[in-house]
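Counting starts at 1 for both ligands and their atoms, in listed order. The structure presented is a predicted model; accordingly, all values stated were derived computationally and were not measured.
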Amino acid sequence: MIRTRFAPSPTGELHIGGARTALFNFLLARSAGGQGRFVLRIDDTDAERSRREFEFKLMEDLRWLGLDWDEGPDGPGGVSCRQSERLGLYAEWMLRLREAGAVYPCFCSDERLGALRRAGALLGQQPLRRDQAARGEPPRYDGRCRALSSGEAERRIASGEKPCWRFALGSESIVFEDAVRGRQVFPAGTIGDFVLERSDGMPTYLFASAVDDLAMEITHVVRGDEHVPNTARQLAILDRLGCPRPVFAHIPMILSADRQKLSKRTGSTSIREYRERGFLPEGLVAYLATLSWSPGDSVSPFSLESLAGAFSLDRISRSSPLHDESHLLHWQREAMRRRGTARVRQEIAERDPRFEVLGDRLDVLIGDLLDEHPLTGELEQALAFLVERPTGERTEWMPILASALGKLEPWTEEELNGLLRAFMRERGMKGKEFFHPLRLLLTGGERGAALPLVLLALGREEAVSRLAG
Ligand code: GLU
């Protein structure tokens with residue numbers, strides 16, 4: 001049995017990185033067929049920053065991408081998958097850790113911890129490595145309260161002081177075999193005793209997540225590599241309790257084209273934004289599947305089933321992939337082509353019912369414009385001239401052309417092409433002299449699809465009427 005989970009914190013929208021993590025966990029579970037389960041867990045122990053609204057949005061976006069779960073906060077599986085509703089479980093495990101002497105109360109004030117942080121080094125221990133600091137890791141605690149006698153600790157608790165509870169790390173290195181990054185070693189002393197329960201009684205993410213992975217019998221944890229240091233801590237907890245370790249696979253962070261962390265500054269990052277811009281879910285999935293993994297040529301990247309059939313952790317690359325919107329657009333184009341012009345036409349008509357009357361006359365034009373306008377919204381704009389007559393200047397030869405068009409038989413692309421060229425030649429006009437004002441009057445623009453296609457889409461009656469005035 002393979003059990004994976006995606007465990008977002010509901011503190012913001014689903015972004016490219018989170019969606020790829022969700023996808024890989026989904027694919028790994030589905031790669032096991034009936035022997036796999038994909039769990040959606042909501043890591044909402046940070047009550048201040050967590051919002052139900054974000055949770056709903058996350059679920060909506062995951063569903064839109066086609067990543068459905070077998071167990072989740074909305075009911076399937078029958079257990080609550082929201083950490084805020086599982087506090088009893090964490091309390092039980094806390095008790096076990098206390099009984100095992102694996103945790104101790106810490107009374108250090110925020111001021112003291114702040115001072116340690118500011119000093120940049122913790123009382124004689126090595127300062128934080130730069131990469132640790134950059135990852136926002138908490139500085140190592142100096143272990144002061146570990147030395148308190150249990151009598152002293154009890155006395156202070158009885159007198160009303162509210163300690164947090166820290167894990168007492170052992171003196172051995174923490175070592176694990178990462179399915180993507182290989183062997184990871186955290187020598188003893190590089191990690192400080194970390195907090196499992198805050199002074200308000202709430203478990204920290206580190207603790208709740210370790211307990212949940214165990215309780216939910218998660219076999220594989222696939223997550224971003226910024227979590228590697230958390231893994232060492234979570235393994236220390238599991239090891240101390242003699243519990244089995246899941247397999248960990250840390251996938252490299254997605255970077256912007258200039259190799260920076262993705263942010264608003266470098267363009268869209270949230271799935272919702274892409275959705276609103278008119279990207280198709282299957283195009284996004286196909287794109288996400290290429291970030292650190294490659295499905296191979298024999299796989300249809302637009303089918304989750306087919307992707308799942310090919311998915312394995314050992315083919316995930318160790319280097320950071322770059323988020324490149326031109327690649328995403330490539331997959332979008334392919335996805336639109338696969339959907340077919342008839343389906344795209346229906347979507348455009350759903351966005352704006354005025355397009356309905358044009359029926360399948362739109363199809364040729366859609367096929368022609370798709371490469372340049374692969375997003376439905378853009379396509380709709382590029383086609384707007386069909387339902388909104390532009391105001392252009394009418395030259396004196398246009399009514400004559402209108403009457404020729406009125407008589408043309410058959411009304412086909414080939415015949416239209418022949419008539420336009422013959423008309424231009426007969427009047428001794430140059431291409432630009434003829435096509436430019438014609439296009440402006442019919443479409444209101446200077447560029448676009450070939451004019452015979454424009455005429456076909458407009459239909460004879462409308463075309464003649466626009467030219468004749
Ligand atoms: N809630 C964590 C996050 O959103 C999940 C980390 C994990 O996968 O354990 O980063």
Side-chain angles (χ1 to χ4, degrees), residues 2-29 37-59 61-62 67 69 71-73 80-87 89-90 93 135-138 176 178-181 184 194-196 198 202-238 243 245-254 261-263 269-271 292 313 316:
I2 287 189
R3 287 178 58 86
T4 64
R5 77 336 183 249
F6 176 52
S9 301
T11 53
E13 291 189 356
L14 183 66
H15 51 84
I16 286 280
R20 182 196 50 164
T21 301
L23 174 67
F24 284 12
N25 278 290
F26 171 90
L27 292 178
L28 184 58
R37 289 282 178 281
F38 174 53
V39 179
L40 173 64
R41 187 175 77 219
I42 301 294
D43 282 3
D44 59 352
T45 51
D46 183 346
E48 242 164 64
R49 294 176 57 229
S50 298
R51 299 259 182 291
R52 219 20 105 76
E53 171 207 341
F54 286 129
E55 183 184 315
F56 290 137
K57 283 183 161 177
L58 282 163
M59 292 202 283
D61 290 346
L62 289 171
L67 309 180
W69 46 93
E71 294 164 33
S80 171
C81 293
R82 215 174 263 129
Q83 289 192 325
S84 59
E85 291 167 4
R86 296 164 64 84
L87 299 178
L89 178 72
Y90 313 132
W93 282 91
R135 281 196 296 253
E137 281 186 50
F176 68 98
D178 189 285
V180 174
R181 299 159 59 97
Q184 305 291 305
F194 49 93
V195 178
L196 297 189
R198 291 191 277 263
M202 279 296 272
T204 56
Y205 149 72
L206 269 174
F207 180 47
S209 182
V211 169
D212 278 339
D213 288 342
L214 189 66
M216 293 173 162
E217 297 179 354
I218 299 301
T219 57
H220 294 73
V221 175
V222 182
R223 59 184 179 186
D225 60 5
E226 69 275 20
H227 285 291
V228 169
N230 290 338
T231 299
R233 292 170 173 83
Q234 288 169 334
L235 285 176
I237 304 173
L238 295 184
C243 299
R245 292 174 162 198
V247 172
F248 282 90
H250 290 96
I251 51 183
M253 187 182 279
I254 304 171
K261 238 180 125 171
L262 287 187
S263 71
T269 53
S270 88
I271 296 300
S292 303
L313 292 178
I316 293 179

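With hydrogens and angles ignored, the 3.5 Å screen pairs no side-chain donor or acceptor of Thr45 with any backbone N or O of Thr204. Looking at Asn25, its side chain never comes within 3.5 Å of a backbone N or O of Thr4 through a donor-acceptor pair.
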Check against side-chain contact (heavy atoms from CB on, under 4.5 Å), Arg52 and Arg82: CA-CA 11 Å; Arg52 219 20 105 76; Arg82 215 174 263 129; 3.4 Å; yes
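Other residues, nucleotides and ligands contribute only 12 or fewer heavy atoms inside 6.0 Å of the CD atom of Glu217.
Considering all non-hydrogen atoms of both residues, His250 and Gly224 come closest at CD2-O, 3.5 Å.
Of the candidates Arg41, Arg245, Arg223, Arg41 is the only one forming a salt bridge (Lys or Arg N to Asp or Glu O under 4.0 Å) with Asp213.
Contact shell of ligand 1 (protein heavy atoms, cutoff 4.0 Å): Arg5, Ala7, Pro8, Ser9, Asp43, Tyr205, Ser209, Arg223, His227.
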